[in-house]
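Take a look at the structure below.
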Amino acid sequence: MVNAMEWQQEQKRLDLVIEGLHSKIAELEPEVAGLHDQLADIRKRFWEEVTVNTSTDEDFEETFYSIKQQEALLSERERSHRQRMQRWKSMKRLLPSPYFGRMDFQEDGLSFDEQIYIGVASFVDADGMSFLVYDWRTPIASMYYDCSPGVSGYEAPSGQITGTMMMKRQYQIRDGQLHNVFDTSLTIGDELLQQVLGKGADSQMKSIVATIQKEQNAIIRNDKSRMLIVQGAAGSGKTSAALQRVAYLLYKHRDRLKADQIVLFSPNPMFNSYVSTVLPELGEENMQQTTFQEYLSYWLASTFRLEDPFEQIEYVLTTTSSQGYEARLKGIQYKASEAFLHAIQSYALWLGTEGMLFRGVRFRDRELITAEQVKLQFYSYDSSIRLANRVVLLREWLLRELTSLERQEQEAHWVQDELDYLDNEQYADAYSMLIKKYRQEEAVFDFTKQYLEAYGDFRDKEQGEENVFDFNMQEEELLRRMVVKENFKPLRRDAKRFKFIDVIGLYDQLFSDATVYRKMTNETAIPELWPEICRQTKEKLSRLELFYEDATPFLYLQELVEGARTNTEVRHLFIDEGQDYSPFQYLFLKRLFPRARMTVLGDFGQAIFTQATNLHEADSPLIRLYGEDETSLIRLVRSYRSTREIVEFTRLILPGEEIVPFERSGRKPCLLRAGNNQERAKRIIEDLVALKAEGFDSIAVITKTEAESREAYDALMTQGCDALKLITKDTLTFEKVTTVIPAYLAKGVEFDAVLIYDASSQTYYRESERKLFYTACTRAMHRLLLYTTGDWTPFIQTDFLG
């Protein structure tokens, strides 16, 4: 703590800044309100100020420029309003706590040092010349996170700036009042971090700008790597750092990067709600947020019933004794691999010479164009043309054929039947079109007549009358065209959407016997139990269903055949829980977002899905994705979420993993054995009451599976537990209540207290479930309680039990 005189000086300085903020807010408020009224008035009177006249070219041009002038005025007012509104909001955000840190820095070559105060936004004095508060994202503020008092420096736009940090200090300011001042030469900032971490969990993640650690700052400010991999222990702050990274990128590149050019792939929809307030807290718009499953559903759900990753993990966890289980696991692993992606690429090349499957064009129970005709046309194109380009040529040929067939079809018997049932509106449309055509032809006829008469070459009246417009004949011909055109619309639409390609058949064809598969793909390393893998896949396809592990490969094959879908607008891609994505999915995302930089956050210690990707080994597919030169790997080993006692307990579950606890003490995890399920439910309810009495609001009863969650929920409700919420994969919001949740849905979030519903050897016994058990236990911030009615899981170390 600082002495009394320094405290007084700091409070005086704080008062001056707050006074300046109040003054600036008061100055901006009428401007913001005034511009808002102006905008409303301009929008209201937009067309009143414009005279629309298109009688002549000059009138049309004048109208055009009048509209452009009004549009420019509105745009300028909107821009001014937006800028002032942003400044006003920044001042309002600063008001309760204008800054959280200070550095005294003397730049080399200068004889004085500058006091640099750091907050969530910048604030300059009245003359606009001096910074009273620096935004935490400014280059000079990076020293606050990276350096200790002594020789320091930072990277400025003009180059490296070096000097000496004379002092570094942290503040706790609430409602404009100074509560604590920490000199980091004494405490290194841990005291403030202790207080922040000691608070309860919230229903939404908060900004961490006041407590960013050096290794997190390296993540936030990395602006060079095409691929940034963050391998972080549970509770190491990787997701928080990633969100501050988004804010930093939007600040640094604000002239050319917008929030909608950044996409976050979240582990589940509930997680989107959990992190939704971080960027608005920092004055930035939220980036686009989605899940990979939502992307797959967008393209495939109209055709298939898609399995999602949570259904897949439920299968893996609950059907171990079912027939075909081992083959399914082998299939998941193979279909998620780079080897399978390369096999599909080779398959696409093979399809360029043989094996393409097409659908014929059927109309009214007749085949207008057979599948064989389509195939012959396709393979008539030059084989050097890329597969997808040949498909485009084939589509154009089909559309031309349909145009020809449409003309022929106008004389068919069914057309007359359709004419008999046309309504008055359709006749009126036809009549209107005929009138228009008649006037055009009359104009041409009159011009021709006048021209020929002028040159003495126009024949007698009778011959001229041959040009009289025959309404009856023309009307029937037009109606026939309209009827056939309307009936052919679905055929044209299907042709434009490549429905003539049997993509399902093409994917099904992949799963042939081993000999044929090798021929089509040049693949030599076929997984064990291949016949059963093929049987399972084909059976699923026959019902128009897709396993989760098949969805991305199917979409990839479809794009190889029909042409790739790419998004060149997105510049940054963030993937949370990155260990749960397969190598195949990463390669697919790289292809989908060719201009984007990728930030992958994850913990291989929480790799609970069968298709998990190793994030940090030298042979990781992620490092190969863009190459070592364009890839950076940052490891976070310090866990901030849990108390030291909980971290020491959980790291024994994963022996060999480097996990360093933050020095925040609490109670040891509590292991409780009950005689039966009813006793366990009663004990859990007693513990829930006690935890709430201690002030813990965010509590989770974590189970292994969805079925166990429902069982636990029913057991606790039967015993009289109230205010309990069951979390499923369809839950969209994260609330600060007592929840019952499967471990795989709890990933990425944290709770004041966690109660492991069943930590027995009967529930967690396979080695493949070790990481799931670890994930469940590491959700706890302050308290961890585990229950069993039998023997404990072998993942709990015997020396801890003793």
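For this chain, numbers begin at 1 and follow the sequence in order.
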Output side-chain donor-acceptor pairs under 3.5 Å for residues 554-562, partner residues at least two apart or in another chain, one line each.
unit_1, atom_1, unit_2, atom_2, d
Y556, OH, Q345, NE2, 2.8
E559, OE2, R565, NH1, 3.2

query = Is the backbone N or O of R766 less than 3.5 Å from a side-chain atom of E769, with the two atoms forming a donor-acceptor pair by type?
reply = yes

remark   = For residues 671-681, the salt bridge (charged side-chain N to carboxylate O under 4.0 Å, His left out) pairs (sequence neighbours left out) are R680-D758

message = Can you list everything that forms a salt bridge (charged side-chain N to carboxylate O under 4.0 Å, His left out) with D603? Sequence neighbours excluded, please.
response = none

query = For E539, what residues pass the salt bridge (charged side-chain N to carboxylate O under 4.0 Å, His left out) criterion, not counting sequence neighbours?
reply = R535, R543

key: Separation of I332 CD1 from S582 OG (nearest 0.5 Å)   = 11.0 Å

query = Okay, side chain of S236, backbone of A233: is any donor-acceptor separation there less than 3.5 Å?
reply = yes

ask   = Does T566 use its side chain to pair, donor to acceptor, with the backbone of F593 at less than 3.5 Å?
value = no

request  = Go through the structure and list residues passing side chain to side chain contact (heavy atoms under 4.5 Å, CB included) with E338, not counting sequence neighbours.
outcome  = H342, P583, L587, P621, R624

ask   = How about Y787 and Y757: are their ring centroids closer than 6.0 Å?
value = no

query = Can you list the residues that meet the side chain to side chain contact (heavy atoms under 4.5 Å, CB included) rule with Q762, with sequence neighbours excluded?
reply = S760

message = If we ignore hydrogens and angles and just use 3.5 Å, is the side chain of R359 paired with the main-chain N or O of I501 as donor and acceptor?
response = yes

note = side chain to side chain contact (heavy atoms under 4.5 Å, CB included) filter on T318, not counting sequence neighbours, yields E314, T705

Distance under 6.0 Å and angle within 45° of ring axis: K771 vs F604 = yes

ask   = Who are the ring-ring contact (aromatic ring centres under 6.0 Å, His included) partners of Y626, not counting sequence neighbours?
value = none

inquiry  = Quick check for you: to the nearest 0.5 Å, what is the distance between Y325 atom OH and K330 atom NZ?
reply    = 12.0 Å

message = Could you work out, with side chain to side chain contact (heavy atoms under 4.5 Å, CB included) as the rule, every residue matching P794, not counting sequence neighbours?
response = S761

inquiry  = Donor-acceptor check, side chain of K238 to backbone of G602, threshold 3.5 angstrom: yes or no?
reply    = no

ask   = Who are the salt bridge (charged side-chain N to carboxylate O under 4.0 Å, His left out) partners of R770, not counting sequence neighbours?
value = E767

Backbone of Q606 reached by a side-chain donor or acceptor of K747 within 3.5 Å = yes

request  = Would you kindly check if the NZ (Lys) or CZ (Arg) of R395 is within the cone defined by 45 degrees around the ring axis of F500 and under 6.0 Å from the six-membered ring centre?
outcome  = no

task = Determine the interplanar angle of the Y581 and F292 rings, folded into 0 to 90°, and report it as parallel if under 30°, tilted if 30 to 60°, perpendicular if over 60°.
result = perpendicular

message = According to salt bridge (charged side-chain N to carboxylate O under 4.0 Å, His left out), who are the partners of K725, at least two apart in sequence or on a separate chain?
response = E735

ask   = Any cation-pi pair here, R328 with F547, using under 6.0 Å and within 45°?
value = yes

Pairs satisfying side chain to side chain donor-acceptor pair (under 3.5 Å), at least one member in residues 510-531, at least two apart = Y334-Y517

ask   = Which residue, W792, Y765, Y764, Y744, forms the ring-ring contact (aromatic ring centres under 6.0 Å, His included) with F773?
value = Y764

